[in-house]
Participant: 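Please find one structure pasted underneath; my questions will follow.
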Amino acid sequence: MTRLDEVGRGGVRQGWRGCRRAAAPPPPPHTSAPAAPCAPIPASELPLPPEKLPLPPVQRRLSPAEPTPPPAEPTLPPAEPTLPVELPPAELLPASELLLAARRRVIDSLASTWSDGSAARAALLSCAPRCEAQARATAAAVVAARGEYSAEMQRQLVATGVCTLAELRGPAAELSVRCFERGFANLLLQAMQAHGAFWGGADAVPAPRCGAARAARLVPLRAVRQLMAEGLVVIDGALSAAELHAAREEVRRMHERAELRPVGFQHAVRNDHVGWVEEGGREAEGVPALSAAVRLLRAVPAEVQKHTGWELSVPRKVMVAVYAGRDGEPSFYKRHFDCRDPRTNPRRLTAILYLNEGWDAERDGGCLRAFTPATHAHADGRTYEDIAPIGGRLCVFRSCTIEHEVRPCFATRMALTLWVSGGDAPDEAATRGSTTRDG
Ligand SMILES: O=C(O)CCC(=O)C(=O)O
Ligand SMILES: [Fe+2]
């Protein structure tokens, strides 16, 4: 039986910046393929206890299949609508301009980092008053608990559950603004996640509608088996060198044009910049190579469904992430689950396609560290695998069971990420090995 520590070591030594799974095979030649229009989804999140995965690990590294690059038609990014700030009733209006600015900042940040900024903004504004009242009450309570409230303000807080915070000055005002901002962002995020459209389900399409011959060659039965058995599979050579280069250049230009945004309210957790691209959509205008990569990535779930019968839905939009560091600091995304609670979060699979050229994990860091189930521990007790973000590498894992992080990253790291939703996963035994030819 192949153990996790026996595979994918590549040529790179493990180190704190290094990654075990390093060298990628040479990219295969490319051909053209037609575009298949499909549908959308949004953002990211955190932890849940890992589900036990059945044992038999298969070989971890899979060799590539022949890719097929299709250039796609372009479009422009949608204009960000101006923020119609809804002011709370006058008697509740915080005197501090800081609070108003914080409110604006939170809504802007949340809306601009979701796949559908304007729909998200409208939904955010509808939840805002209720969330704001709660967040202000919490901020007031924190300040009061620290004895930074006057007796009159505490009385008002107890009597009304809200507080104007009008008299706060200096450190107490700053504290209240920080508490408010964090609480408001969390509450808004929760409210949005409970909102049916948040996860992009409304526009998602059944996976088979995204199918493509190229993905069928890229994701053979043995890869799907490995995904179901181990929760994670890595496939190299999804893009040719030319495709990779073109897609990377397009992302670089998007980043230069400030079309990618930091996920402001999560700055302690991650410091990447993200945007969304919809194959054939407006954002795809002028980025044909990226659009082709999006098409390929969106076709991957159809292969999983084909071999397992697991009914999956594919969002219209794919996230583009650039980890470029800020203020001389390395970039990172701290340890998290993409789906912490499957009852409220429909994400089931995370599929990532890396767009990096000449990545040296020893020098550049930036590995995806995937924490594998204890049943798959390495001989040295290690229960994670470091996967270098090598260009053309496709990594698919189960969103609810594979906790992961992006290790500190010292070079500009680009990736496309797709979150696939679906119902309960079928039993591993359901993988249709006998009826489908392995690729
Ligand atoms: O880019 C990666 O390797 C992983 C990023 C990630 O964990 C996320 O966006 O949720
Ligand atoms: Fe993630």
Side-chain angles (χ1 to χ4, degrees), residues 8 17 19-22 24 41-48 50 113-115 189 193 199-200 231-236 238 247-248 251 255 260-277 293-294 297 300 315 317-325 330-342 345-356 359 361 364-372 384-421:
R17 289 163 65 162
C19 306
R20 287 180 182 254
R21 189 188 297 275
I41 251 184
S44 177
E45 76 162 66
L46 315 159
L48 169 105
T113 49
W114 285 341
S115 66
L189 194 58
Q193 289 178 353
W199 300 104
L232 168 75
V233 68
V234 176
I235 302 170
D236 284 321
R248 191 175 165 83
V251 173
H255 192 36
L260 309 177
R261 311 276 184 89
V263 185
F265 65 99
Q266 287 187 321
H267 48 75
V269 176
R270 61 193 287 184
N271 62 358
D272 56 334
H273 284 65
V274 306
W276 299 87
V277 174
V294 165
L297 191 57
V300 167
K317 295 195 182 188
V318 165
M319 187 179 82
V320 184
V322 173
Y323 289 75
S331 348
F332 61 89
Y333 191 159
K334 300 235 168 106
R335 186 169 171 163
H336 66 284
F337 284 100
D338 286 351
C339 171
R340 188 171 28 184
D341 184 352
N345 179 335
R347 289 167 168 177
R348 295 295 175 267
L349 291 177
T350 301
I352 307 175
L353 180 56
Y354 294 110
L355 302 178
N356 302 305
W359 194 268
D364 304 326
C367 285
L368 170 68
R369 176 164 291 181
F371 295 88
T372 41
Y384 62 81
E385 178 150 359
D386 280 350
I387 299 157
I390 288 170
R393 176 166 279 176
L394 170 69
C395 179
V396 186
F397 59 87
R398 291 178 65 168
S399 315
C400 309
T401 57
I402 300 292
E403 199 175 8
H404 56 283
E405 68 179 283
V406 175
R407 301 291 297 152
C409 181
F410 304 92
T412 301
R413 177 192 194 270
M414 298 178 182
L416 288 181
T417 306
L418 170 74
W419 284 283
V420 183
S421 39

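Numbering of ligands and ligand atoms starts at 1, following listing order. Residues take their numbers from the sequence shown, with the count starting at 1. Just so it is clear, the values below take in all heavy atoms, side chains as well, and ignore hydrogens, waters and symmetry mates.
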Participant: With rounding to the nearest 0.5 angstrom, report the CG to CG distance, Leu394 to Leu416.
Facilitator: 10.5 Å

Participant: Starting at OG1 of Thr372, measure out to CD1 of Ile402 and round the result to the nearest 0.5 Å.
Facilitator: 6.5 Å

Participant: So does Thr350 get a backbone contact from the side chain of Ser399, meaning a donor-acceptor N/O pair under 3.5 Å?
Facilitator: yes

Participant: Can you check whether Tyr323 has an N/O within less than 3.5 Å of an N/O in ligand 1?
Facilitator: no

Participant: Can you tell me if Asn356 uses its side chain to pair, donor with acceptor, with the backbone of Pro389 under 3.5 Å?
Facilitator: yes

Participant: Restricting to N/O/S, name the atom of His336 that gets closest to the Fe ion (ligand 2).
Facilitator: NE2

Participant: Between Thr350 and ligand 1, find which residue part has any heavy-atom pair under 4.0 Å and reply side chain, backbone, both or neither.
Facilitator: neither

Participant: Relative to the ring of Trp419, is the ring of Trp276 parallel (under 30°), tilted (30 to 60°) or perpendicular (over 60°)?
Facilitator: tilted

Participant: Enumerate the atoms of ligand 1 whose separation from the nearest heavy atom of Ile352 is less than 4.0 angstrom.
Facilitator: 2 (C), 3 (O), 4 (C)

Participant: Out of all atoms in ligand 1, which are within 4.0 Å of some heavy atom of Tyr354? Include the element for each.
Facilitator: 1 (O), 2 (C), 3 (O)

Participant: Quick check: does any side chain N or O of Arg348 sit under 3.5 Å from a backbone N or O of Cys339, one acting as donor and the other as acceptor?
Facilitator: no

Participant: When you measure from the centre of the six-membered ring of Tyr323, is the NZ or CZ of Arg413 under 6.0 Å away and within 45° of the axis?
Facilitator: yes

Participant: How does Glu405 reach ligand 1, if at all, at less than 4.0 Å between non-hydrogen atoms: by side chain, backbone, both, or neither?
Facilitator: neither

Participant: Among His336, Arg335, Arg369, which residue meets the side chain to side chain donor-acceptor pair (under 3.5 Å) test with His404?
Facilitator: His336

Participant: Under 4.0 Å from a heavy atom of Met319: give me the atoms of ligand 1 that qualify, with their elements.
Facilitator: 9 (O)

Participant: If you have a sec, read the angle at the Fe ion (ligand 2) from His404 atom NE2 over to Asp338 atom OD1, to 10 degrees.
Facilitator: 100°

Participant: Please could you name the atoms of ligand 1 that Arg413 approaches to less than 4.0 Å, counting only its heavy atoms?
Facilitator: 1 (O), 2 (C), 3 (O)

Participant: Quick one: does His404 get an N or O within less than 3.5 Å of an N or O on ligand 1?
Facilitator: yes

Participant: Hey, is Asp338 touching ligand 1 through its side chain, its backbone, both or neither, going by heavy atoms under 4.0 Å?
Facilitator: side chain

Participant: With heavy atoms only and a cut-off of under 4.0 Å, state how Trp419 meets ligand 1: side chain, backbone, both or neither.
Facilitator: side chain

